[in-house]
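These numbers come from the heavy atoms of this one structure, side chains and all, not from hydrogens, waters or symmetry mates. In what follows, every chain begins at residue 1, and chains take the letters A, B, ... in the order their sequences are listed.
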Amino acid sequence: MKVRFWLLDVNYEVKEHTPEILLWGIDDSGNRVLVVDRNFLAYFYAVIEDKADPTKVVEEIEAERTQYAFITKLEVVERKFFGKPVKTVKVYCRDPNFVSKYAKDFRKFEGVKDCLEDDLRYSMRYLIDNNVVPCGWHEIEVTEKASTSGVHVDKVYTAKSLPKFIEKVEVPQLRILGFSMICYSKEGSPKPDRNSIVIISVATNQGEEKQFLAQDQNDKPVLEAFLKYIQSFDPDLIIGYDVNRQDWPYLNERFKKLRLKLSVNRAETEPHRSVYGHFSTTGRANIDLFDFADEFPEVKVRTLENLADYLGVMKIEDRILIEEVDFANYWEDKEKREILKKFSMDNTRCIIGITDAILDFAMQLSNLVSLPLDHVGTAAVGFRVEWFLIKHAQKIGELVPKRVEKPYRPYAGAIVLSPEPGLHENIAVMDFKSMYPNIMMAYNLSPDTYVSSNEPIPPCGVYEAPEVKHKFRKEPPGFYKEVLSYLIKVRDEIRSKMKNFAPESVEYHVSDARQKAVKVITNASYGYAGWIGARWYKKPVAEAATAWGRHTILTTIKIAEEAGLRVVYSDTDSLFIRHDSEKIEKLSRKIEEKLGLEIKPDKIYVRIFFTEAKKRYAGLLPDGRLDIVGLEVVRGDWATVAKKVQEKVLEIILKEQSPKKAAKFVQQFIYDLWQRRVPYRDLIIWKTLTKPVEDYAIRASHVEAAKMLKEKGWRLAVGDKVGYVVVVGSGRLYERVKPYVFASYSEIDIEYYVSKQVVPVAVRVLESFGITEEQLLKSRMKERETRRLTDFFGS
DNA sequence: GCATGAAAAATACCC
DNA sequence: ACGGGTATTTTTCATGCG
C-alpha cells in the first residue's frame with residue numbers, strides 16, 4: 001500500500017548493528033504516522049590518490065575484511081572534489097555508528113588520500129540522499145504493522161520503497177501546544193533539585209487554555225497533570241520560549257528528582273539534548289521561539305514580552321510583569337497569586353501568538369535547507385547555509401569537504417565614504433541588490449573555480465579580481481554560482497506567483513515565508529564563504545568578492561559624478577545622491593551595461609541629516625516617518641531617556657528645521673529629568689554579557705551589576721542582557737551602578753543621565769547647528785538654581 | 001602622586 | 001560558530017611633571 005505523509009521529525013536507532021530510520025509524520029487523512037525504513041545503508045568515501053588504483057584499495061580493504069565486519073559493499077565510483085574528478089571507493093557500512101571509526105582507519109591505507117563524508121549523521125544522510133525533506137510531503141510504498149506498541153501514533157508502517165518527494169505546499173492541520181512554567185524559589189533562581197514547578201500554563205492552537213497548579217509547593221500533581229495533558233492532546237509541535245536553555249533541562253532534572261518519567265515523546269524515550277543544542281522530543285517537534293528572536297533585530301532585549309509586544313501579540317502596557325525572583329512572594333500571597341497565574345497564562349498566550357508569526361518561516365527554512373524543524377532554529381546561520389550546500393553537493397556528485405580548523409586571517413572588506421555632514425534635501429539612495437551574491441555569480445567566485453597563482457591559466461580564461469588579483473576560471477559555472485543562481489531564480493518565481501494570490505490567503509503567507517527563507521540563505525552565502533568554520537571556506541573567494549565590490553561601487557561613484565550627480569554618502573553597495581529621476585535612470589543603465597550588475601533607486605529622503613561619522617544618519621521619508629540609522633536611537637545600549645530625546649531632536653530638525661526649538665526641548669527635558677518626572681524604566685541601561693563574568697579583563701558596569709545579581713542567586717548566562725541604573729556615589733562608573741531591580745528612584749544619579757546620556761546624544765545632532773553642550777546645560781543650571789531656591793523657601 | 005592622553009576593551013551597530 | 005568596517009564610551013596603562 002501507499003502512504004502520503006508530511007515529515008515532522010526524523011531520527012534513527014541501531015538495533016543489533018542494524019539501523020532503522022524513523023520518519024514521524026502526518027498522513028493526508030490526518031493520522032499521525034511512523035514509517036520505519038530499514039532499506040538505507042550508511043556509507044562514506046575513501047578518496048583514492050591520483051596515481052593509485054582504486055581496485056587495489058578495494059583489495060586492501062577486502063584483505064582485512066574480518067576486522068571490518070559491518071562493511072557490506074565496496075564500490076569504485078567517480079566523484080568530484082572541489083570541482084575536480086576523483087576516484088573513490090564508496091564504503092557501505094551496516095552499522096552507521098562504525099562509519100567514522102572505519103574511515104579513520106582507512107585514511108592510513110595505502111593509496112587512500114583521505115576519507116570523506118563519514119562525518120554526516122546517518123539520519124541527515126538519509127534525508128539528503130533520498131530527497132526527503134522536513135516539512136514536505138512524500139509518498140511511500142509500505143506495509144502496515146499490526147501493532148503500534150511502544151510508539152504514540154495512529155499507524156506504524158514499514159517502508160517497502162524509498163519515499164518520493166511530492167510537490168505540495170499545504171501544511172496539514174497541526175496540533176500545537178504552547179507552554180510556560182513558573183518555579184518557586186525563595187532565594188534566587190530556582191534549582192530543579194530543590195525548587196518545585198508551581199504553575200504550568202498551556203494553550204493550544206485550538207483555543208484551549210489550561211493551568212496546572214501545585215498545592216503549596218508539592219508539584220508532583222502539576223507534573224503528572226501536565227504529562228497527562230500532553231499525552232491526551234498529543235501535540236505535533238511543543239513550543240516555548242528559551243526552553244532549550246531553561247524549561248527542558250529543568251523539567252528533565254525535576255522529573256528525575258521526583259522519580260517520574262518525562263513521557264512526552266511519541267517514542268518511549270525522554271527529551272534529550274541533541275545537535276546544535278536543541279531538545280528533541282522524538283516524534284514531535286520541540287520549537288524554541290527564542291531561536292527565532294534574532295530575526296527581529298529591532299527587539300533589543302529579547303524577552304518573551306518584548307517580542308510579543310513588537311509583533312503585536314500582546315502589548316507590554318497591558319501586562320503586569322513579574323521578575324523571577326519575586327515568584328515565591330507572589331505565590332505565597334493569596335491575592336498576588338492570582339496575578340502570578342495571569343502572568344504565567346499570558347506568557348503562554350504570547351508563545352501561541354508569536355508562533356503564529358514565526359512558524360511559516362521556520363517550516364520553510366527547515367524545508368529549504370533540510371534540517372528538521374526542531375533543529376533548524378538552533379542551527380547557526382552558517383550551518384543552515386551549509387546544509388543547503390550539502391544537499392546541492394549530493395545532487396551533483398560533489399564530495400562534502402571535512403570541517404577542518406583553519407587560522408583566522410582577516411581580509412579587506414567594503415568601502416564606506418565619509419558623509420557630507422549637515423542637512424541635505426531630496427536625496428535618493430541607490431543600491432545594488434544582493435551585491436555579493438551577484439558578484440559571486442558574475443565572476444564565478446567559488447572554491448572549485450579558484451585558480452591559484454602557481455596553476456596555469458585554463459583555456460576558458462579567468463576573471464581576475466582587482467587589487468587582490470585572485471583568479472577564477474570562467475567556465476564551467478562554479479558550485480556557488482550554481483547554488484546562487486538557483487536560489488535567485490526560485491525567489492523570483494515565488495515572488496511572481498505571489499502576485500496571483502490574495503494577500504490574506506494561505507498560499508500567499510506560505511509563499512512569502514518561502515521567499516524570505518530563500519532570501520536569508522542567499523544573503524548569508526557571502527558571509528558563509530568567508531567563515532573559517534565553513535566546509536567550503538576559501539579565503540580568496542571572500543576576498544575577491546569584497547574586492548569586486550569595492551571596484552563596483554567606486555566605478556559607480558565615478559560614473560555618477562561624471563554625470564553630474566554628487567555623491568553625499570556611500571556604504572558598501574549604496575550611494576546617496578540628489579534625486580534626479582532622469583540622471584538616475586541613465587546611471588542605472590550605464591552601470592548595468594558596464595558592470596553587468598543591477599543598481600536601482602531604493603529610498604528617497606525628503607531631507608536627510610548626517611553627522612561627521614559614517615554609518616549614522618537620519619532621514620525624513622515622504623510619508624513623514626523618520627528613518628534613523630546607526631544613531632543612539634536605534635541602539636540597545638543607551639538609556640531610553642537618551643534615545644527619546646535624540647529621536648525628538650531629530651524629528652524637530654528634520655521636520656521643522658528649527659535647532660532652536662530642538663534645544664529648547666532638550667532643556668525642558670533635562671529639567672523634567674531633574675524633577676524625576678520621567679519613568680524609572682527609561683533610566684535602565686541594557687548591555688549583553690558576551691562572556692562569563694570572570695573572564696572580563698576590565699571592570700565594566702554591566703558586569704558589576706551582573707555580579708550583584710548572581711550574588712542574590714540570579715542565573716545569568718552568556719548572551720543575557722543585564723539591565724542596570726547609575727546611582728549616586730563616588731569613584732568609577734562601575735562602582736556606582738546597580739541592577740535596576742535592586743535600586744530605587746531616589747538613589748538615581750540624575751547628573752549622570754544628564755551629562756553622559758541625554759546631553760551627548762542631543763549634542764551629537766545639534767552641534768551641526770552650532771549648539772553646544774553648555775547651551776543645553778545653561779538653562780538647566782538656572783532651573784537647578786531656582787529649584788534649590790524654591791526647595792529652600794517654598795514656592 | 002597625579003593629571004593627561006593614548007591604547008585597549010567592550011558593545012552594538014551598518015551593509 | 002556567517003563577513004569586514006565603524007562609532008562610541010569607559011577602563012587601563014604609560015608618560016611626564018614636579
Side-chain angles (χ1 to χ4, degrees), chain A residues 276-277 294 297-298 300-301 378-389 403 405-406 408-419 429 431-437 440 520-537 539 541-547 549-550 553 569-576 602 611-617 627-639 642-643 685-691 695-704 718-719 721-722 726 731-737 752 755-757 760-761 763-764:
Chain A
Y276 306 127
D294 51 6
E298 299 92 335
K300 306 293 175 187
V301 183
T378 49
V381 179
F383 295 114
R384 295 176 190 172
V385 173
E386 191 148 276
W387 277 110
F388 183 77
L389 294 177
R403 196 182 301 287
E405 220 173 294
K406 284 142 285 194
Y408 170 69
R409 294 247 175 275
Y411 60 90
I415 288 175
V416 190
L417 295 191
S418 286
V429 182
D431 56 20
F432 288 95
K433 293 268 166 284
S434 308
M435 187 171 79
Y436 288 141
M440 289 163 78
V520 163
I521 297 300
T522 309
N523 289 344
S525 59
Y526 153 71
Y528 173 85
W531 172 41
I532 55 169
R535 290 176 189 265
W536 276 282
Y537 171 76
K539 193 182 146 197
V541 172
E543 206 169 23
T546 57
R550 291 191 296 274
I553 200 71
Y569 179 60
S570 165
D571 184 349
T572 310
D573 59 357
S574 67
L575 49 165
F576 292 53
D602 179 24
T611 64
E612 305 241 324
K614 298 169 177 180
K615 296 185 184 280
R616 320 184 108 216
Y617 56 88
D627 196 12
I628 300 172
V629 180
L631 293 162
E632 284 76 4
V633 177
V634 297
R635 291 181 65 99
D637 56 349
W638 283 77
K643 307 209 296 176
I685 298 164
W686 293 93
K687 281 200 170 96
T688 309
L689 279 180
T690 59
K691 50 187 153 190
D695 290 6
Y696 278 85
I698 63 172
R699 303 189 65 179
S701 304
H702 68 303
V703 181
E704 295 303 306
V718 171
K721 282 236 165 43
V722 181
V726 178
R732 295 281 192 186
L733 181 59
Y734 64 78
E735 295 172 292
R736 301 175 357 240
V737 298
Y752 169 83
S755 69
K756 297 288 180 178
Q757 292 276 328
V761 303
V763 166
R764 187 112 49 230

**Message:** For a 4.0 angstrom threshold against heavy atoms of chain A, report the outermost contacting nucleotides of DNA chain C in 5' to 3' order.
**Reply:**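 The contacted stretch runs from C:dA1 to C:dT12.
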Categorize [X] for me: base, sugar-phosphate, or nothing, with a 4.0 angstrom heavy-atom threshold over every strand shown.
X: A:Phe388; value: nothing
X: A:Tyr408; value: sugar-phosphate
X: A:Ala412; value: sugar-phosphate
X: A:Lys433; value: nothing
X: A:Arg550; value: nothing
X: A:Trp638; value: sugar-phosphate
X: A:Ala524; value: base

**Prompt:** Axis-to-axis angle across the helix from B:dG1-C:dC17 to B:dC15-C:dG3, five pairs an end, to 10 degrees?
**Reply:**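 End-to-end axis angle: 20°.
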Restricting to nitrogen or oxygen on both sides, can you table the protein-nucleotides 4-8 of chain B pairs closer than 3.5 Å?
none

**Message:** Going by salt bridge (charged side-chain N to carboxylate O under 4.0 Å, His left out), name the residues that satisfy it together with A:Asp627, two or more places apart in sequence or in a different chain.
**Reply:**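 Applying salt bridge (charged side-chain N to carboxylate O under 4.0 Å, His left out) to A:Asp627 gives A:Lys603.
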**A:Lys691: salt bridge (charged side-chain N to carboxylate O under 4.0 Å, His left out) partners, not counting sequence neighbours** =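 Expected list: none.
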**Prompt:** Should the heavy atoms of other residues, nucleotides or ligands under 6.0 Å from CD of A:Glu735 be counted, would the total exceed 12?
**Reply:**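 Atom CD in A:Glu735 is packed in, count exceeds 12.
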**Prompt:** Who pairs with A:Tyr696 by ring pair (Phe, Tyr, Trp, His ring centres under 6.0 Å), at least two apart in sequence or on another chain?
**Reply:**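 By the ring pair (Phe, Tyr, Trp, His ring centres under 6.0 Å) rule, A:Tyr696 matches A:His702.
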**Request:** Could I get the full list of ring pair (Phe, Tyr, Trp, His ring centres under 6.0 Å) partners for A:Tyr276, not counting sequence neighbours?
**Result:**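 Testing A:Tyr276 for ring pair (Phe, Tyr, Trp, His ring centres under 6.0 Å), a comparison that skips the adjacent residues, returns A:Phe383.
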**Qualifying residues under side-chain contact (heavy atoms from CB on, under 4.5 Å), relative to A:Ser701, sequence neighbours excluded** =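 Here the qualifying residues are A:Tyr724, A:Leu733, A:Tyr734, A:Val737.
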**Message:** Using the side-chain contact (heavy atoms from CB on, under 4.5 Å) criterion, which residues pair with A:Lys406? Sequence neighbours excluded.
**Reply:**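 Expected list: A:Val404, A:Ile532, A:Tyr537.
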Could you list the protein-to-nucleotides 12-15 of chain B atom pairs, N/O on both sides, closer than 3.5 Å?
unit_1, atom_1, unit_2, atom_2, d
B:dA12, OP1, A:Thr688, N, 3.1
B:dA12, OP1, A:Thr688, OG1, 2.8
B:dA12, OP2, A:Thr688, OG1, 2.9
B:dA12, O4', A:Arg635, NH2, 2.7
B:dA12, N3, A:Arg635, NH1, 3.4
B:dC13, OP1, A:Lys300, NZ, 3.0
B:dC13, OP1, A:Val634, O, 3.1
B:dC13, OP1, A:Gly636, N, 2.8
B:dC14, OP1, A:Gly630, N, 2.7
B:dC14, O2, A:Lys615, NZ, 2.8
B:dC15, OP1, A:Tyr617, OH, 2.9
B:dC15, O3', A:Asp573, OD1, 2.3
B:dC15, O3', A:Asp573, OD2, 3.2

**Item:** For A:Tyr526, side-chain hydrogen bond (donor to acceptor under 3.5 Å, both in side chains) partners two or more places apart
**Value:**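 With sequence neighbours excluded, A:Tyr526 shows a side-chain hydrogen bond (donor to acceptor under 3.5 Å, both in side chains) to A:Tyr411, given in chain and number order.
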**Message:** Please list, in numerical order, the residues of residues 380-387 of chain A that have a heavy atom closer than 4.0 Å to any atom of DNA chain C.
**Reply:**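 Going residue by residue through residues 380-387 of chain A, the ones with a heavy atom under 4.0 Å of DNA chain C turn out to be A:Ala380, A:Val381, A:Gly382, A:Phe383.
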**Any A:His702 side-chain nitrogen or oxygen under 4.0 Å from OP1 or OP2 of B:dT11** =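 The answer is yes; a side-chain N or O of A:His702 sits under 4.0 Å from OP1 or OP2.
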**A:Lys615 with A:Asp571: basic N within carboxylate O range, under 4.0 Å** =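 Judged by the 4.0 Å cut-off on N to carboxylate O distance, A:Lys615 and A:Asp571 do form a salt bridge.
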**Prompt:** Salt-bridged, A:Glu386 to A:Arg403, with N to O below 4.0 Å?
**Reply:**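 Judged by the 4.0 Å cut-off on N to carboxylate O distance, A:Glu386 and A:Arg403 do form a salt bridge.
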